[in-house]
> 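Okay, handing you the structure first.
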Amino acid sequence: MADVRQNCPTNSSSFNEAVCIDAGRVYDSCCDRDCITDMKCYFSRCDQQKVDGAMSVRIRSAKVIDVSVDVEPVTFNRGFYSCDLSFVFMVDIDLVSVPGTCPETVHGLCFYNKKAILYGSDGNVKTFSSTGRCDERGRKTTLANNGPKCVVQVVDPVALSARISQNGGFCDLPSVIPDCACDALGGEIETSQSRQSVLVTLGLFTVVQLIRNVQMLVPVYDFCIPEKQCDDTTDSPCDVFRRIKFPTDDFFPPRPCDVSGGCGCDDSCDCDENGDD
């Protein structure tokens with residue numbers, strides 16, 4: 001993809017005018033680090049039978065496949081909103097049924113609920129626009145409600161541990177399971193009582209923002225005009241490979257002196273001018 005350079009001088013003397021824009025403003029935000037312990041994994045019926053016969057388990061990886069967000073005003077605390085977040089994780093679990101044999105990997109789902117209270121200010125005007133849609137009776141419907149919008153940023157969780165339990169574990173199975181969860185699992189989720197359960201522990205990093213559309217006055221310097229033409233050429237795989245820098249460090253691993261500029265943790269060691277210890 002071609003680069004796009006913007007003509008936006010930083011010199012204040014290049015300021016041309018102030019314009020009013022309608023954009024989302026972050027009124028409040030928070031970041032969090034959650035260590036979620038003993039979440040119960042749900043499997044398909046076929047994979048659950050494999051879990052019932054497993055002697056040991058090991059977690060391989062985990063990823064977020066869906067986050068449902070619900071925003072409700074907090075009673076008796078004007079301007080604050082409760083952001084209810086429902087996470088769906090896909091985890092890969094290695095099962096060992098017979099000692100000394102290769103593990104078999106199965107896929108499971110975990111569910112986790114989290115709540116954040118954030119300030120979103122007041123104001124719930126109804127916004128109508130010429131692009132609004134009409135209902136079945138021909139009446140124009142509200143295009144948008146100017147309430148705050150919750151945005152969740154999350155990276156794939158850190159897979160910490162997994163274990164087998166005979167008693168189940170922390171479980172928060174939603175009343176309505178998202179279709180994407182069943183699709184990712186490749187079938188219906190087995191929710192009946194099983195002989196063994198897999199409990200996993202995940203580390204989760206999240207950023208939650210409460211955003212409201214407002215009119216803001218911003219300075220304008222110039223139009224953003226691309227300075228580079230689009231490139232529609234397709235390089236061959238060999239041409240791409242030739243441009244990759246030779247991985248010298250992979251063949252000749254750097255020493256502590258080369259990495260930190262010193263001699264590692266022990267400042268008493270000496271490195272001569274040739275880089276020898």
Side-chain angles (χ1 to χ4, degrees), residues 1-34 36 63-89 111-157 174 176 178-180 204-228 230:
M1 181 180 292
D3 294 334
V4 177
R5 302 189 182 99
Q6 298 179 348
N7 297 330
C8 299
T10 57
N11 190 346
S12 59
S13 61
S14 301
F15 171 77
N16 290 335
E17 60 175 333
V19 298
C20 183
I21 65 170
D22 185 273
R25 174 183 173 182
V26 179
Y27 271 79
D28 200 2
S29 63
C30 65
C31 61
D32 210 351
R33 175 201 307 254
D34 296 301
I36 315 168
K63 63 180 179 180
V64 180
I65 63 173
D66 187 57
V67 181
S68 300
V69 183
D70 188 24
V71 180
E72 294 291 340
V74 176
T75 308
F76 306 119
N77 202 349
R78 188 173 180 179
F80 284 84
Y81 295 81
S82 172
C83 305
D84 297 313
L85 317 176
S86 299
F87 295 84
V88 182
F89 304 109
F111 302 90
Y112 174 64
N113 293 332
K114 177 181 176 63
K115 177 180 290 187
I117 305 297
L118 296 174
Y119 179 76
S121 190
D122 293 326
N124 287 300
V125 298
K126 295 181 179 179
T127 303
F128 294 86
S129 170
S130 59
T131 58
R133 295 171 295 178
C134 295
D135 59 16
E136 63 278 2
R137 297 185 180 180
R139 298 174 301 186
K140 178 163 288 190
T141 59
T142 302
L143 180 62
N145 191 301
N146 198 32
K149 175 180 64 176
C150 181
V151 175
V152 182
Q153 300 178 34
V154 58
V155 296
D156 284 337
V176 178
D179 292 337
C180 63
L204 184 65
F205 295 94
T206 54
V207 173
V208 185
Q209 298 174 323
L210 209 56
I211 300 174
R212 181 186 291 274
N213 270 28
V214 295
Q215 290 74 43
M216 295 182 288
L217 194 66
V218 298
V220 173
Y221 296 96
D222 201 352
F223 290 104
C224 300
I225 304 174
E227 294 181 350
K228 185 176 181 179
C230 297

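Heavy-atom basis, side chains included; hydrogens, waters and symmetry copies ignored. Because the structure is predicted, anything quoted here is derived from the model rather than measured.
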> Over all heavy atoms of both residues, which pair between V74 and S82 is shortest? Give the atoms and the distance, please.
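Minimum heavy-atom separation between V74 and S82: CG2-N, 3.6 Å.
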> Out of curiosity, N113 CG to F87 CZ, how far, rounded to the nearest 0.5 Å?
9.0 Å
> Kindly compute the distance separating SG (C150) from CD1 (I211), expressed to the nearest 0.5 Å.
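Reported to 0.5 Å precision, the distance equals 8.5 Å.
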> How long is the span from the CD1 atom in I36 to the CG atom in L204, to the nearest 0.5 Å?
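If we round to the nearest 0.5 Å, I36:CD1 and L204:CG are 5.0 Å apart.
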> For Y119, which residues count as a ring pair (Phe, Tyr, Trp, His ring centres under 6.0 Å) partner, sequence neighbours excluded?
F80
> Please name all residues satisfying side chain to side chain contact (heavy atoms under 4.5 Å, CB included) with K63, sequence neighbours left out, ordered by chain then number.
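In terms of side chain to side chain contact (heavy atoms under 4.5 Å, CB included), with neighbours along the sequence ignored, K63 is linked to I65, M90, D156.
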> For Y27, does its backbone N or O pair with a side-chain atom of R212 as donor and acceptor, under 3.5 Å?
no
> Just verifying a value: how many Å separate C20 SG and L217 CG, rounded to the nearest 0.5 Å?
6.5 Å
> If you take all heavy atoms of F89 and P157, which pair is closest and at what distance?
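It is CD2-CG, 3.8 Å.
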> According to salt bridge (charged side-chain N to carboxylate O under 4.0 Å, His left out), does anything in residues 68-80 pair up with another residue at least two apart or in another chain? List the pairs.
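Matches after skipping sequence neighbours: R78-D122.
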> Looking at residues at least two apart in the chain, or sitting in another chain, which of them share a side chain to side chain contact (heavy atoms under 4.5 Å, CB included) with S29?
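Result, side chain to side chain contact (heavy atoms under 4.5 Å, CB included) vs S29: V26, Q209.
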> Quick one: list whatever passes side chain to side chain contact (heavy atoms under 4.5 Å, CB included) with D66, sequence neighbours left out.
S68, V88, P178, C180
> Taking all non-hydrogen atoms of both residues, which atom of C30 and which atom of A116 are closest, and how far apart?
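Closest approach of C30 to A116: SG-CB, 4.2 Å.
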> Counting only heavy atoms not in K114, do more than 12 sit closer than 6.0 Å to its NZ atom?
yes
> Would you name the heavy atoms of V154 and F205 that are closest together and state the gap between them?
CG2-O, 3.5 Å
> How many angstroms lie between OG1 in T206 and CG in L85, if you round to the nearest 0.5 Å?
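Between atom OG1 of T206 and atom CG of L85 there are 7.5 Å.
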> If a pair satisfies salt bridge (charged side-chain N to carboxylate O under 4.0 Å, His left out) and one of its residues is in residues 14-30, list it, with sequence neighbours excluded.
none
